[in-house]
Amino acid sequence: MNHREQRALTTEKRKLREGSVAKRMALPHAAMVSAASSIARHFADHPILAFAPSFAGYRAMRGELEVMEIFKLMARFNKHTALPCVTPEKSLIYRQWAMGDALVRHTLGMEEPNPDAAEITPAIILTPLLAFDGEGYRLGYGGGYYDRTMAALRALETPPLFIGVAFSMQEVEQVPTDENDRPLDGILTEQGVSMF
């Protein structure tokens, strides 16, 4: 990709990000709460997701679809659960965390498990996003953290499944991509689960 094409792609992604954030932030609170409850039920009803020995979520911010209902619903099954932590290499590792455990605030603003918490590789990684398409490509905030993490963890003998979490209205016809963008394995919305 030449410099002009890269610049055009960057502009296209920026415009899509701005529109996606505005659309998501305009959702009524009641719709967000209802969607969070729906995705928890869809997770619990899906054979691949429900029977995985471990999963990781995230702490929702900037209008992201809340996944804590999944943690609550699945707590009785004693699975290993985790949240992401940012590394100096600008990728993510996952540390064990369960409802009620302490969190610390990272300098970038997100809440993370205590640095002493055990590092694990979850079987399922719930992945926030701004937009997604039918091919499994996602648009994030542009830092590349999840793309770098996907590249690293997919090199493992048993890689985790990366499942995007979004409101169904965040689907677009096509997410602009380059060679650094990695597709998701599935998407979880208030309407159900789709595997790619």
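For the single chain, residues carry numbers from 1 onward in sequence order.
The two atoms that bring W97 and R59 nearest to each other are CH2-NH1, 4.4 Å, heavy atoms only. Shortest non-hydrogen contact noted between L130 and G140 is CD1-O, 3.4 Å. Nearest approach of A166 to I187, heavy atoms of both residues: CB-CD1, 4.4 Å. Considering all non-hydrogen atoms of both residues, P113 and P84 come closest at CD-O, 3.9 Å. Listed here is the closest heavy atom pair of F132 and T189: CZ-CG2, 4.1 Å. For Y137 against V175, the heavy-atom pair with the smallest separation is O-CG2, 3.6 Å.
A side-chain N or O of T87 and one of E89 form a donor-acceptor pair less than 3.5 Å apart. Side-chain atoms of R14 and T10 include no donor-acceptor pair closer than 3.5 Å.
For the pair T149 (side chain) and L92 (backbone), a donor-acceptor distance under 3.5 Å is present. Not a single donor-acceptor pair under 3.5 Å links the side chain of R182 to the backbone N or O of Y146. With hydrogens and angles disregarded, a donor-acceptor distance shorter than 3.5 Å links the side chain of E112 to the backbone of V86. Distance alone, capped at 3.5 Å, is enough to place a donor-acceptor pair between the T127 side chain and the I125 backbone. Between the side chain of D101 and the backbone N or O of A98, at least one donor-acceptor pair lies under 3.5 Å. One N or O on the side chain of Q170 and one on the backbone of L129 form a donor-acceptor pair closer than 3.5 Å. In this structure, the side chain of E64 engages the main chain of M61 through a donor-acceptor pair within 3.5 Å. Side-chain N or O atoms of E66 include one that pairs as donor or acceptor with a backbone N or O of M68 at under 3.5 Å.
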Applying side-chain contact (heavy atoms from CB on, under 4.5 Å), run through T177 and E135 and close with a yes or a no. CA-CA 11 Å; T177 60; E135 298 295 311; over 6 Å; no
Run I39 and F43 through side-chain contact (heavy atoms from CB on, under 4.5 Å) and show every step you take. CA-CA 6 Å; I39 64 164; F43 185 102; over 6 Å; no
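Distance CD1/I163 to OG/S194: 10.0 Å, rounded to 0.5 Å. Here S37 contributes atom OG and E190 contributes atom CD; the two are 11.5 Å apart, rounded to the nearest 0.5 Å. The structure places OH of Y145 at 7.0 Å from CZ of R148, a figure rounded to the nearest 0.5 Å. With rounding to the nearest 0.5 Å, the separation of CZ in R62 from CE in M25 is 9.5 Å. Remark: N180 CG to D178 CG distance equals 4.5 Å, nearest 0.5 Å. One finds the CZ atom of R154 at 4.5 Å from the CG atom of D185 (value rounded to the nearest 0.5 Å).
With hydrophobic clusters built from ILVMFWY side chains whose heavy atoms lie under 4.5 angstrom apart, L83 does not share a cluster with I120. A continuous path of hydrophobic side-chain contacts links M32 to V165 [ILVMFWY only; heavy atoms under 4.5 Å]. Grouping the Ile, Leu, Val, Met, Phe, Trp and Tyr side chains by contacts below 4.5 angstrom, directly or via other members, places M110 with M99.
E171 places none of its side-chain heavy atoms less than 4.5 Å from the side chain of Q191. Here the side chains of L139 and R17 are in contact, with some heavy-atom distance below 4.5 Å.
Take K79 and apply the side-chain hydrogen bond (donor to acceptor under 3.5 Å, both in side chains) test, not counting sequence neighbours, and it matches no residue.
Shown are V21, V172, T11; of these, the side chain to side chain contact (heavy atoms under 4.5 Å, CB included) with L16 is made only by V172.
The 12-atom threshold is exceeded at CD of E111, counting heavy atoms of other residues, nucleotides or ligands nearer than 6.0 Å. Annotation: H80, atom NE2; neighbour count of heavy atoms from other residues, nucleotides and ligands within 6.0 Å does not exceed 12.
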Show every donor-acceptor pair shorter than 3.5 Å between a side-chain atom in residues 46-58 and any protein atom, with sequence neighbours excluded, or say none if there are none.
{"from": "H46", "atom 1": "ND1", "to": "I48", "atom 2": "N", "distance (Å)": "3.2"}
{"from": "S54", "atom 1": "OG", "to": "A123", "atom 2": "N", "distance (Å)": "2.9"}
{"from": "Y58", "atom 1": "OH", "to": "L65", "atom 2": "O", "distance (Å)": "2.5"}

